[in-house]
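When a residue number appears, it is its place in the shown sequence, counting from 1. Every number for a ligand or one of its atoms is a count from 1 in the order of the listing.
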Amino acid sequence: MTKKTGIAILGSTGSIGTQALEVLSMYPDSFELEVITAGKNADLLIEQALKFKPNTVVITDENQYIKVKQALSQEDIHIYAGSEALCQVVESTLVDVVLTALVGYAGLKPTIHAILAGKNIALANKETLVVAGELITKLAKEKGVNIYPVDSEHSAIFQCLVGEFHNKIEKIYLTASGGPFRGLRTDQLKNVSREQALKHPNWSMGAKITIDSATLMNKGLEVIEAKWLFNLSASQIDVIVHPQSIIHSLVQFEDGSMKAQMGLPDMKLPIQYALTYPNRLHTNYPRFNFMDYPQLTFEKPDRDSFKNLDLAYKAMDKQGTVACTLNAANEVAVDAFLNDRISFLEIAQLNEDVMNANKNILTPELEDFIAADALAREKANDLLR
Ligand code: NAD
Ligand code: MG
């Protein structure tokens, strides 16, 4: 029998994390769940630990350590608290692959530790590549570590490239659903509510990425993510709105041939492929029926009304720490929007103001990214006052 793959899931209580646990439970002979972690949701973390019996759990919120410890006192499970613990548990010899399913900048440090420890990465946490793509891809190369994309568009590109890794990519098209406000112009976006923004037409996801999808920041972050994953320049990456979310993205090769990957929208598929590449395991998920989708449609993204997409392209052009600054501003802006402190259109405005105000450090080291993130948060919070 071949050895089972030891898995650590950072952010097991989230949308990606819980779907990853569903995937693992379907293939008990292939995977061993070793580590699960949560930010604040101690109750669900405890429930998951009792059900899946991992070797180790981490609750990042230190105030909840006692609660988790007591609830699992009868179990043979190591329990840690705090964000530094994430960096240590990924280094365990039991772990082969780290699925980064936590949200935001918090993914950066544990991912670096995992790469330095030689663990392959199943990357859902796109912010890590947005913040420090150059550093992460360089480290992964040095350590011989693979980064398997979980994001559905990037998984699609990756699947299109299997058997083609020696062929040059002319360009890629990342598809975008357009989110809940597709078709609305700036004046119609002024008064849209948090509840409307949280209703994504095709995917059920965590709050931050759902708002990012409504503002098109998510596609902006994905453009930067694609640049680093597939070693592309900005001019090789295009975005096309495809409201049905059936074609998950496309690659165009030098001979003009295009390959697309398609299927019903279900994140369990890209999660699973990132963990089983190059193999595909049988699933009972519903199959696509052409007659349910007689029309697949495409349109240009509205970059005037949804300014975040252009901000991401600008950040990519400028290089250095600008994308890190943009990401941090956006994390503050989305949080402020979710707490009714700013309006929908003010998200992109705040992002742009912080990006223009803060200094760009070219050829940054890790400390520069950490400083740029902190300064951007400070500036964004100043502007919010
Ligand atoms: P989510 O909010 O549903 O879950 C986030 C998880 O991370 C939770 O377990 C939470 O407890 C934990 N967490 C949050 N903040 C943390 C912190 N500061 N420190 C430690 N742990 C923390 O988010 P999600 O929708 O599952 O998204 C996770 C990542 O995957 C994001 O980067 C997102 O962009 C990406 N992604 C998600 C989807 C999707 O369908 N949900 C699709 C593509 C990419
Ligand atoms: Mg995506």
Any nitrogen or oxygen of [X], main chain or side chain, under 3.5 Å from a nitrogen or oxygen of ligand 1?
X    : answer
E127 : yes
D151 : no
G14  : yes
G104 : no

What's the shortest distance from [atom] to any protein heavy atom, and which residue and atom give it?
atom                    : answer
atom 25 (O) of ligand 1 : G206 N, 2.8 Å
atom 34 (O) of ligand 1 : K126 CE, 3.1 Å
atom 3 (O) of ligand 1  : S15 N, 2.9 Å
atom 20 (C) of ligand 1 : T60 OG1, 3.4 Å

Provide the number and element of each atom of ligand 1 under 4.0 Å from a heavy atom of [X].
X    : result
A106 : 17 (C), 18 (N), 19 (N)
T13  : 8 (C), 9 (O), 10 (C), 11 (O)
A124 : 30 (O), 32 (O), 35 (C), 36 (N), 44 (C)
V103 : 7 (O), 14 (C), 15 (N)

May I ask whether [X] has any heavy atom positioned less than 4.0 angstrom from an atom of ligand 1?
X    : answer
N41  : no
M267 : yes
A38  : yes

(message) Between I237 and K227, is there a side-chain heavy-atom distance shorter than 4.5 Å?
(response) yes

(message) Any non-hydrogen side-chain atom of H242 less than 4.5 Å from a side-chain atom of M262?
(response) no

(message) Could you walk me through whether E164 and H166 satisfy the side chain to side chain donor-acceptor pair (under 3.5 Å) test, starting with their C-alpha distance in whole Å, then the side-chain angles of each, then the deciding distance to 0.1 Å, before giving a yes or no?
(response) CA-CA 5 Å; E164 306 272 9; H166 59 291; 5.6 Å; no

(message) Between I9 and L123, is there shared hydrophobic-cluster membership here, with clusters defined by ILVMFWY side-chain heavy atoms closer than 4.5 Å?
(response) no

Tell me which one of [options] gets a heavy atom nearest to [atom].
atom                    : options          : result
atom 6 (C) of ligand 1  : S204, A101, G39  : A101
atom 31 (C) of ligand 1 : L102, D266, I209 : L102
atom 37 (C) of ligand 1 : I16, V150, L129  : I16

(request) Taking the six-membered ring for Trp and the full ring for Phe, Tyr or His, determine whether the centres of Y293 and F288 are under 6.0 Å apart. (result) yes

(message) Is the distance from the ring center of Y148 to that of Y273 below 6.0 Å?
(response) no

(request) Kindly determine whether F158 and Y277 satisfy ring-ring contact (aromatic ring centres under 6.0 Å, His included), including the steps that lead there. (result) CA-CA 10 Å; F158 185 62; Y277 167 85; 4.9 Å; yes

(request) Measure the spacing between CD of E346 and NZ of K190 and express it to the nearest 0.5 Å. (result) 11.5 Å

What N/O/S atom of [X] gets nearest to the Mg ion (ligand 2)?
X    : answer
E153 : OE1
D151 : OD1
E222 : OE2

(message) Whether the T13 and N41 side chains hold a donor-acceptor pair (N or O, under 3.5 Å, no angle test) is what I'd like checked.
(response) no

(message) Testing the 3.5 Å rule here: is there a donor-acceptor pair between the side chains of S177 and H200?
(response) yes

(request) Please report the shortest heavy-atom distance between I169 and I172, naming the atom on each side. (result) CG2-CG2, 3.8 Å

(request) Can you see which heavy atom on G263 is nearest to which on H248, and at what distance? (result) O-NE2, 2.9 Å

(request) Is it possible for you to check whether R194 lies under 6.0 Å from the centre of the six-membered ring of F344, through NZ or CZ, and within 45° of that ring's axis? (result) no

